[in-house]
Amino acid sequence: MTNASNADIRHFLEQFFGTDNKFDLGKIERGEGKQAKIRPWVELLTKGEPQPTILPCWRSESVDWYAIALSERQLRRLSEELMAFVGPTYSTFRGQRAQLNPQDPIELAVYEFTGGAAVKLCGQATDVWEALEQMRRVSERRVKRVADIPRPTGRVLRDFYMALQAGDRIAAENSLQYLVDQHRLDALNLLFLRVQLLAELEQWNELLTLPELGNLLQVRRPFAVTQALLKAVYSTELQHFEDNNAPGSAVAYFQEVVFPRYNNLFAVRAGSKIPEVLKLFMLLAVGGEPTKPALRDELLAIAEVEETHRSYLQRLAALLRDATPDSEGDPLQQAEQLSKNGDFDQAFSLLCNIPSSKEKVRLLLQCAYELQTLAVEKAALQAFDELTADEQTALLKVRWNQDFLTKLRGSQKGTTKDTPTALSVPTNWLEWLSQLDKKPTWERALYTARQGSAEWDVTSLLMQPQAVAEFDELLSKVGSTAESILHDALPYLLGFFQKDEQFPRSEFLSLYYSLLELLVLSTEGGDVDLVLFNDLAIAILTLGVNTAKYTEIVDYALELWDRFASPKKVDWMLDLIDVLISYPCPVLEKREQLLFATAETLRRFTERIDEVQRGIFRALVKDLHLGESFPDLLDEPASLVEQNLEVEVNIFQKLKSKSVLIYTLTETAAIRVKSILEAACKEVTVYLSHDKGGNDRLRQWVRNSDIVVMVTASAKHAATGFIEANRPSHLAPILLVNSKGSASMLRAISLYLAPGD
């Protein structure tokens with residue numbers, strides 16, 4: 001919140017130093033007693049330009065400190081200072097961002113004020129306080145730094161969509177907040193991004209309770225936003241009818257409740273093949289007024305639908321027995337009438353099968369404007385290309401036609417009057433890369449990539465001879481001519497392949513390598529990028545690799561470690577080594593090289609490495625039978641004993657007589673976590689689940705376990721929804737982990753168990 005007003009700051013301070021905090025804001029500001037020493041930290045927020053600060057919260061017997069930042073850059077700088085002055089020497093802090101509990105009034109206030117840009121410290125009050133005071137005195141003598149260098153909007157959006165791809169809500173929220181603070185986008189476009197954030201994370205109830213929902217239903221939206229809203233409506237309002245095999249009740253509820261409330265969402269389907277969207281439109285066909293037999297038949301004819309979804313579509317369709325009426329009259333006139341009635345899907349379907357004319361192009365442009373898909377845009381431009389020069393001129397005399405065509409085609413520099421304009425709209429990634437290669441300044445490149453990621457069919461690459469080889473070649477060429485655009489398009493490329501139902505496919509192995517290289521070249525070391533690096537590495541290793549490719553993966557990891565090695569990145573590297581141990585290794589020396597590089601960092605930052613990380617490292621070294629190479633790192637460091645950090649060493653002792661459920665599809669990592677927890681605490685019970693859907697055993701574990709850890713980066717949506725639905729609200733919240741390795745799971749558990757939590 002870089003633009004926090006005085007009122008915002010005052011409201012936050014009053015919430016933070018409220019009834020749940022024994023420190024009193026009035027006494028602090030008046031300088032009374034021992035609480036006077038907190039005043040300089042409060043004044044960092046209240047005097048002049050607000051600065052990052054650290055504020056204490058005194059609950060019962062313990063004191064927690066919250067580092068408050070007003071931007072991501074400030075948070076990174078503040079975290080580095082805290083690691084230097086406080087770190088593991090005096091506290092539980094290891095460089096991690098706070099996982100704030102919205103049920104706690106103080107932590108809710110911190111989250112609302114910072115947007116999640118906060119750090120939480122727990123430790124011996126006197127030691128932490130002295131270290132913080134030393135940090136403040138040094139900071140006061142430091143020369144003030146210049147203002148933050150603004151980040152390009154394209155890069156921020158790239159990081160936003162990468163965070164969504166990794167399932168990291170905090171990182172996505174931070175990118176969104178940066179756009180807000182820097183006034184990069186208007187309120188409506190920021191709202192569209194928030195809808196996509198909530199939809200990607202499947203927070204359907206939160207999406208449908210947005211205060212701006214009424215406006216969303218009225219305005220012209222990107223179709224991705226409309227699809228997100230449709231999925232939310234189906235998941236919250238109608239999914240339970242399908243689960244209970246009650247199609248008749250679903251139709252009645254749709255007629256009485258859903259359609260009256262959300263009718264504006266049903267103007268266009270735009271060729272969507274998302275199962276929830278298909279089912280909603282089948283309900284519209286069966287339960288609408290009037291019914292739509294043609295729409296019913298169109299939906300049943302879609303081939304790319306999984307059998308479970310098709311079966312329910314057929315049960316819904318069986319409730320409408322009317323025969324499809326014969327088409328009567330001129331198709332162009334029918335399309336005109338359908339457009340006037342707002343049925344642009346059917347209008348477009350009719351227009352595709354008639355000869356080109358000015359009227360057809362005019363109607364197709366209307367369909368392109370309303371449906372907002374690349375397929376309709378291309379059809380409109382192809383029909384325009386087929387007109388005579390005189391017909392084109394006559395059509396362009398209407399200003400709206402001219403403006404919209406210009407938007408679709410973009411700049412036509414370098415083309416001739418005979419160049420087909422439809423070529424400006426690619427139909428697959430090969431055409432997209434080819435166009436970007438020919439025109440590195442292509443202004444619609446990122447928009448088209450984002451649309452294409454959702455619209456294009458991954459199987460089309462399998463049907464084109466040499467498509468994979470061409471893809472690799474074009475990716476390399478574009479990397480030298482339009483590097484920044486290609487880097488910003490990475491989340492759309494990753495999403496296209498990773499959301500494939502059969503990911504990873506052996507046919508695309510070389511493409512996955514290319515994407516891994518692109519990620520390494522484009523990353524600035526963000527946590528989300530490193531998580532996605534591991535995901536791609538897992539995909540490649542799953543398919544099997546030779547010595548050369550295995551070496552390439554490890555070399556990429558070594559390059560990243562050389563650039564970004566730090567205590568905050570140790571968890572990521574331990575996760576990666578954990579993954580490498582789980583798969584066959586054709587070249588043992590390379591894997592060991594990565595372990596030795598990590599060990600060097602552990603030695604260099606030995607005072608900032610915690611017991612969780614040491615425990616993981618010990619387990620990895622043991623698995624690789626390299627104990628003799630790391631005697632100094634495997635022994636308990638004397639400094640830990642000397643500095644009285646028994647709380648850290650014995651953190652997992654808090655699990656005594658408790659049960660922990662770990663849900664992940666990465667079974668080997670879960671087994672490692674189970675063994676470490678059981679070794680640290682003999683009386684803990686650890687359940688592991690790798691089921692791809694819900695069942696009675698999983699339901700019982702979810703309802704009865706003291707702690708539930710859900711690895712969202714390695715989970716099926718059916719199972720995650722089942723776990724969330726069956727977790728009682730009075731029990732501890734589900735611990736969400738967005739990385740597949742054992743270090744990330746242990747980190748989440750240790751943070752939950754940390755003093756003061």
Side-chain angles (χ1 to χ4, degrees), residues 1-18 20-21 23 25 28 38 40-57 59 63-83 86 91-122 132 135-136 139 145 147-148 151 156 159-160 163 168-184 190 193-194 197 206 526-528 568 736 751 754 756-757:
M1 182 180 286
T2 56
N3 59 344
S5 66
N6 291 336
D8 292 330
I9 294 170
R10 189 66 193 176
H11 179 67
F12 162 68
L13 290 173
E14 289 174 350
Q15 286 185 302
F16 187 88
F17 293 105
D20 293 302
N21 190 341
F23 289 118
L25 182 58
I28 293 170
I38 303 173
W41 295 96
V42 172
E43 289 176 346
L44 287 172
L45 278 179
T46 60
K47 282 195 172 182
E49 182 179 348
Q51 297 296 315
T53 189
I54 297 98
L55 300 177
C57 172
R59 297 183 180 90
V63 176
D64 301 327
W65 284 263
Y66 292 87
I68 308 297
L70 293 92
S71 72
E72 281 303 301
R73 186 177 292 271
Q74 284 186 0
L75 180 63
R76 288 193 293 271
R77 188 160 62 241
L78 191 57
S79 296
E80 291 169 1
E81 292 176 352
L82 287 170
M83 284 294 290
V86 185
S91 74
T92 59
F93 181 59
R94 304 294 178 271
Q96 72 276 5
R97 184 190 301 268
Q99 293 189 350
L100 299 170
N101 179 8
Q103 305 302 318
D104 183 301
I106 291 174
E107 297 201 352
L108 176 62
V110 172
Y111 180 80
E112 290 178 341
F113 184 69
T114 66
V119 161
K120 183 178 180 181
L121 305 173
C122 307
L132 289 175
M135 185 180 95
R136 183 176 63 83
S139 179
R145 298 184 62 169
D148 294 348
R151 299 168 61 204
V156 180
D159 291 346
F160 172 79
D168 189 332
R169 176 166 185 168
I170 292 177
E173 291 275 14
N174 290 331
S175 294
L176 197 56
Q177 189 62 45
Y178 185 89
L179 295 171
V180 172
D181 294 341
Q182 297 293 318
H183 309 289
R184 297 295 181 84
L190 289 168
L193 291 177
R194 176 157 296 282
L197 182 157
E206 187 176 349
D527 292 344
V528 165
K568 293 178 67 174
L736 302 179
L751 287 175
D757 285 10

CG-CG distance between Asp8 and Leu13, expressed to the nearest 0.5 angstrom: 11.0 Å
Do Thr53 side-chain atoms and Trp41 backbone N/O form a donor-acceptor pair below 3.5 Å? yes
Among Asp20, Asp64, Asn101, find the one that has a side chain to side chain contact (heavy atoms under 4.5 Å, CB included) with Ile106. Asp20
Just so I know, are the side chains of Phe23 and Leu55 near enough to count as touching, which here means a heavy-atom distance under 4.5 Å? no
Given 3.5 Å as the limit, does a donor-acceptor pair link the side chain of Gln74 with the main chain of Ala69, or not? no
Between CZ on residue Arg136 and CD1 on residue Ile54, distance to nearest 0.5 Å: 10.0 Å
Is there a side-chain contact between Val528 and Asp159, using heavy atoms and a 4.5 Å cut-off? no
Leu70 CG to Gln177 CD distance, which is reported to the nearest 0.5 Å: 10.0 Å
Considering only heavy atoms from C-beta outward, does the side chain of Ile9 approach that of Pro50 to under 4.5 Å? yes
Can you tell me how far the CG atom of Leu751 sits from the CZ atom of Arg97, to the nearest 0.5 Å? 13.0 Å
Residues two or more places apart in sequence or in another chain: which of them pass side chain to side chain donor-acceptor pair (under 3.5 Å) with Arg169? Glu173, Glu206
Can you name the nearest heavy-atom pair linking Ala117 to Ser71, along with the distance? CB-O, 4.4 Å
List for me each residue that meets salt bridge (Lys or Arg N to Asp or Glu O under 4.0 Å) alongside Asp168, sequence neighbours excluded, and say none if there are none. none
Exercise: identify the closest heavy-atom pair between Leu78 and Ala67: CD2-CB, 3.6 Å
Looking at CZ of Arg10 and CG of Leu45, how far apart are the two atoms once the value is rounded to the nearest 0.5 Å? 11.5 Å
Residues two or more places apart in sequence or in another chain: which of them pass side chain to side chain donor-acceptor pair (under 3.5 Å) with Asp104? Arg59
Closest approach of Ala118 and Thr114, non-hydrogen atoms and distance? CB-OG1, 4.0 Å
What's the separation between atom CG in Leu190 and atom NE2 in His183, rounded to the nearest 0.5 Å? 10.5 Å
Do Met83 and Val119 come within less than 4.5 Å of each other through their side chains, counting heavy atoms only? no
Sequence neighbours left out, what passes ring pair (Phe, Tyr, Trp, His ring centres under 6.0 Å) with Phe16? Give chain and number order. Phe12, Tyr66
Sequence neighbours excluded, the answer for side chain to side chain donor-acceptor pair (under 3.5 Å) partners of Arg184 is Thr153
Listed partners of Tyr111 passing side chain to side chain donor-acceptor pair (under 3.5 Å), at least two apart: none
Given Leu176 and Val156, is the side chain to side chain contact (heavy atoms under 4.5 Å, CB included) satisfied, shown in steps? CA-CA 8 Å; Leu176 197 56; Val156 180; over 6 Å; no
